[in-house]
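First up is the structure itself, then whatever we jot down about it.
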Amino acid sequence: MHKRFEHKEIETKWQKKWAESGIYKTTESSKPKTFVLDMFPYPSGEGLHVGHPKGYIATDIYSRFKRMTGHEVLHPMGWDAFGLPAENFAIKHKVHPRVAVDKNIANFKSQLEKLGFDYDWDREINTTDPSYYKWTQWIFIQLFKKGLAFESHEPINWCPGCQTGLANEDLEADGTCERCDSVVEKRPMRQWVLKIREYADRMLEDLDTLEWPEHIKEAQRNWIGRSEGAEIDFVLSTGDTVTVFTTRPDTLFGATYMVLAPEHELIFKNRTAISNISEVENYIKEAANKKEMDRLDDTKEKTGVKIEGITATNPANGEEIPVYIADYVLASYGTGAIMAVPAHDERDWEFAKKYEIEIRQVIQVPEEYRLEKEIVERGTIIYVSPGRLINSGEFNEMDSEEAKKAITKKVGGRMTNTYKIRDWVFSRQRYWGEPIPIVHCGKCGPVAVPEDQLPVTLPEVEHYEPAGDGQSPLANIDEWVNTTCPTCGGAGKRETNTMPQWAGSSWYYLRFMDNKNDKALVSKENEKYWAPVDVYVGGDHAVRHLIYARFWHKFLYDIGVVSTNEPFQRLEFLGFILAEDGRKMSKRWGNVINPDDIVELVGADTLRVYEMFMGPFENTIAWSKDGLAGARRFLERVNGLSAHINKNETKEVTTLLHKTIKKVREDIEAFKFNTAVSAMMIFVNLAEKEGLTNHSYETFLRLLAPFAPHITEELHHEAGHDESIHVAEFPSPDHTLTVDTEVTIGVQINGKVRGDITISPGAVEEEALSEAKNIPNIKTKLEEGKIIKVIYKPGKILNIIID
RNA sequence: GCCGCGGUGGCGGAAUUGGUAGACGCGUACGACUCAAAAUCGUAUCUCGCAAGGGGUGAGGGUUCGAUUCCCUCCCGCGGCACCA
C-alpha cells in the first residue's frame, strides 16, 4: 500500500538531468546576488567521511533557498591541493604529486556529486593549476613591490621532521610542528617574510564590523595580541639608551630595576663594562638551551643575573637602579627590555622577592583589597589593578589612566602599541608549492619576475625530498635555477623556496568570481557584483587561514583590486561530526563512515536531512545510525503524503503550513536548520492525520526542496510539473494566517499553573478571567481565597494572586 | 592565570524583549498487525505519588506576581591565549 521510496533510482536520475539542463549555471545578472562559500577542501587520499559534507549541505540549502527567492547565486567548489601530504606521498611512491592530486580530486568530486549539490562546476578552481597560481604569484609580486615581502635572516622556526621553516601559526601551543609533532627549533636562515604586522591594527579593529561568532573574533584578537602602552628610554651608566615597552607607564616611579632579555644586543656591545661578564654569558648560554629543551615547563621559577658594573637611571625620579638579565623577558616581544615594577606586576614581584630588590608601592591599594590579602611582603602588597598614584612626586593623587599619558610625556616617552602577532614567515624549503617568483641578481639583488612572464611553473624534478641543508629540491635543477636578471640582463638565479600551504587559500574566493580570466586576477565588474562573500562556512582555521586571507584581502583593497574592506561578511562556524563511539572519525580507530555507503543505503536526501537535524549547526555531535533512520522515516512519510490529499483541509492545517513556511524561511536565513526540519516534521504529522489540499501539498514540497532536492523534485514532477522544483518560487507565508486568532494560555494561581484557556489574543482581562472561572479546578481555588491581584498579559499568561 | 562560550530527560536537542519547561527526533515500554520476526501503526515516556498534590533547567543566593531566560557568588565542561611587560 505504501509507495516505495526508491532513493537510488530517483537520485541518479535527477542528478543526471540537473547536470544536463544546467539549472545551476551561475551568471552575472541583474538579480541581487548571494555568494555562499565553503572552506574548500584539501583533497586527501582518504576521501570524505560523513563529517565533511555537513557544511556543504548547509551552504547547498542556503544557496538553493536564495535561488528560489530570486537571487543569483554563486556556490562554488574547488581544491586546495598544494601541501605536504601529496608531496610525502610522492616521495614514498616516487610519482609526481600531480598524479596523486588529480586522483584524489576525482574521488572527492565523485563523492560530492552523489550528494546532489548545486555547484556550477564551470567555476571549479585548483590552487595547483598554473593558471591559478599565476595569480598567487602575482599577489606576491605586488607585496614585494610595496615592500611588504622582504628577505630576512632572523632565526625562525625550523621543523627537523618536515625539513622546512615554519610560521608561528604552524606551531602547536607546546612548540611542536602541527604536521609531524617534531620539536621545532630556532634556526637562523634566509627566508621571505610578509609584513602582516602592518595590518594588525586594521585586522583588529575591523573585526567589530563582521558578523562572526564571538569565539573566532576572540581567537583573532588574542592572536594579534595588541597591548597599548608606552616606550620609555632609560639611560645607562655606559651612556647607552635602552628603550623599554610598558603598558603601565603610570607606575614608572615604582620601577626599582630593569631587565634585559638574554638575547639583548646591549650585552655584546658592553662586554668590557660588565664586571661579571662570564657569569652573564653563562646565563645567556643556559637560557638559549633551556628554551629549546622544555618550553612546557610551567613550574619554572624565575631566574636571572644582575649585571655588575652597569646601572640605569629611572627617568621619572633620577634614581639609579640595577640592571638584570633574565629569560622571563622575551627578546621577540616589545623591545626585549622592561622596566620592572615589583609592587604592581606579578612577575616582577616574584623576581624581586627572590633577588631581594626593593618593592616600592606607587599605586594606592584600596582598603578592602588590603584586608582581603593577607600576604604583605616588606610592608607591600602586590596590586596589579589601576588606581590612584602615591610616591610619585608631582603625579600623586592622579588616576592611573591620566598618569599614563602625563608621565610618559614628562620623561619624553611615546605612547605606542605592541603586538604578539609575528610577521609571516612565507618560504618553505619543499617542492610542492608555488615557486616564489623572484630572481636573485648579484648586481640588482632580488628582482621580481616580470608579470608577463608569470606563472613561474614548477619544474620537473627527480627527487622530491628536501635536501636537508635548508634548500628546497628545486635548488638542484641548475637549468631551472640559472636564468637572466629581468632588470640588467646579467646572470641571475631563481628563488628556490616555495610558498606555504596557506598561500593559495588566502585569496581563492576571489577567483571563483571570474575563474577563467587570464588578464586579471578578477575583473572589476565581477568583483563588484559578487563581493563580499555573504556567508562563509567552515570550522577550525579560526586563526591561520582567516588571518592570512583577511591580510591579503586588505592589501588587495589597498592596491585597488577589491572593493570591500573585508572578504567574509558573515561566518558560520561548523561543528564536527564524531563517530558513533564519541571519538573523532579516523582510520586509526576504524570508525570512519563513508558518505558513499550512506547514500547507497538510505540516499543522499536522508543524509542531508539527518545532518541538518542532528542539532545546532555549530555543535559537535556524534553520528547516530538510529537518528539517520529517523530522517529516512520522515522522508518516507513525505513520499507517501500524496495519499492524504483531499479537496479540502482544516483551517488548522492551512494555518500550520503558513507558520511553517515563516519558520523555515527564518531558520534557513539564521542557519538554524535543525528547527527548520523539526517544523516540517510537525507539519507532516498533522497533514497525515487531517489531510491536506493539493495546493498545500505542492507548497510543502517546495519548502522541503532545498533540504531534500531529489525526492521533492520527483514528487513535484509526479504532481504534473515540467520545470524543475529548484527554479520554482520558494513559498511565502500569508501573514494573515501566521497570526493566531486564538491562543491557549496558561492560567496560574499564585504563580502555579492550574489549567489553560483558549481565547483570542486580543481578549481583555474580564474575558480571560471569566473563561478561567469555567475551569472547575480554578473555580474551586478561587472560592477558597480572595483575589488580591490579577496579572494578565494578552496572549501570554493569566496569573491570579489570591490570599 | 586571563579572555570567550556553554551546563535543560536515558540520548541529540526545543523554548530566552521574563509568561504553561522538555517541541521535534532517537531510545525504551506496552498494544495492534503477523505462524513468527522485521517493517509499519497506536499509546505512554522529567521525577516522587494510587490520587490530590509536590519537586525539577550545574549549586547557592537575589530581583519579580512569575526566572532555563536578568543580577551576584561558586562548581564543572569546551575553545583561545599564556613569563606578551
Side-chain angles (χ1 to χ4, degrees), chain A residues 1-2 173 213-227 229-230 244-249 251 255 258-259 261 295 297-298 300-303 326-330 332-341 344-348 350-351 384 418-421 540 542-543 573 575 609-610 613-616 618-631 633-634 636-637 640 672 674-685 688 743-757 777 788-802:
Chain A
M1 52 171 259
H2 258 286
E214 197 47 48
H215 71 273
I216 295 187
K217 290 194 192 184
E218 193 57 27
Q220 296 219 347
R221 286 189 196 106
N222 283 338
W223 192 260
I224 294 167
R226 178 163 86 183
S227 294
V244 304
F245 174 75
T246 177
T247 54
R248 295 296 302 278
T251 62
M258 166 178 210
V259 188
R295 293 172 56 157
D297 186 13
D298 47 2
K300 53 199 153 193
E301 198 183 320
K302 289 189 178 33
T303 59
D327 67 359
Y328 82 90
V329 172
L330 309 175
S332 55
Y333 183 77
T335 60
I338 63 158
M339 62 180 228
V341 185
H344 306 291
D345 180 281
E346 284 183 27
R347 295 149 301 183
D348 298 345
E350 206 186 299
F351 191 83
V384 297
T418 189
Y419 305 86
K420 278 191 252 186
I421 192 171
D540 222 353
V543 174
F573 185 81
V609 168
Y610 170 59
F613 185 61
M614 287 178 92
E618 67 277 10
N619 283 19
T620 292
I621 303 170
W623 180 264
S624 151
K625 58 178 179 311
D626 289 330
L628 180 73
R633 243 168 259 154
F634 168 62
E636 278 177 359
R637 297 167 77 181
K672 288 160 82 174
N674 57 328
T675 48
V677 173
S678 156
M680 289 187 283
M681 286 173 168
I682 293 169
F683 176 76
V684 170
N685 288 346
E688 270 190 343
V743 285
T744 301
I745 65 171
V747 180
Q748 303 179 328
I749 303 286
N750 291 350
K752 295 266 177 216
V753 178
R754 298 298 175 192
D756 53 50
I757 52 174
N777 197 7
I788 49 175
K789 192 176 179 188
V790 174
I791 293 120
Y792 173 60
K793 299 277 173 187
K796 303 263 189 190
I797 201 82
L798 175 66
N799 188 6
I800 305 164
I801 310 302
I802 62 171

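Proteins get letters first, then strands, A, B, ... in listed order; numbering begins at 1 in each.
A:Lys217 places its NZ atom 19 Å from the P atom of B:C81, with the value rounded to the nearest Å.
In this structure, B:G49 makes no Watson-Crick or G-U wobble pair, since no nucleotide meets both defining distances under 3.5 angstrom. Nucleotide B:G1 forms a Watson-Crick or G-U wobble pair with B:C81, both donor-acceptor distances falling under 3.5 Å. Remark: B:G18 base-pairs with no nucleotide in the shown strands. Criterion, Watson-Crick or G-U wobble with two distances under 3.5 Å. B:U43 is paired with B:A29 under the Watson-Crick or G-U wobble criterion, all donor-acceptor distances under 3.5 Å. Across all strands shown, B:C24 is found opposite B:G12 as a Watson-Crick or G-U wobble partner, with both distances under 3.5 Å.
Listed nucleotides B:C65, B:A21, B:C81 differ in distance to A:Val753; the shortest reach to its side chain belongs to B:A21. Nearest nucleotide to the A:Ile682 side chain, out of B:G25, B:G4, B:A23: B:A23. Among the nucleotides B:U20, B:G53, B:G25, the one closest to any side-chain atom of A:Asp756 is B:U20.
Side-chain polar atoms of A:Tyr792 and A:Asn799 form no donor-acceptor pair below 3.5 angstrom.
Separating the CE atom in A:Met614 from the OG1 atom in A:Thr620 is a distance of 9.5 Å, to the nearest 0.5 Å.
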Please write out the pairs of protein N or O atoms and N or O atoms of nucleotides 26-33 of chain B separated by less than 3.5 Å, giving the distance to one decimal.
unit_1: B:C26; atom_1: OP1; unit_2: A:Arg633; atom_2: NH1; d: 2.5

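Taking 4.5 Å as the limit, some side-chain heavy atom of A:Asp327 sits within range of a side-chain heavy atom of A:Thr303. For the pair A:Ser678/A:Phe683, no side-chain contact is recorded, criterion being any heavy-atom separation below 4.5 Å from C-beta on.
With sequence neighbours excluded, no residue forms a ring-ring contact (aromatic ring centres under 6.0 Å, His included) with A:Phe634.
Remark: A:Lys302 qualifies as a cation-pi partner of A:Tyr328 under the 6.0 Å distance and 45° angle criteria applied to the six-membered ring.
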With sugar-phosphate taken as primed atoms, P, OP1 and OP2 and all else as base, the protein-contact string of nucleotides 10-19 of chain B at under 4.0 Å (heavy atoms; B, S, -) is --BSS--B-B
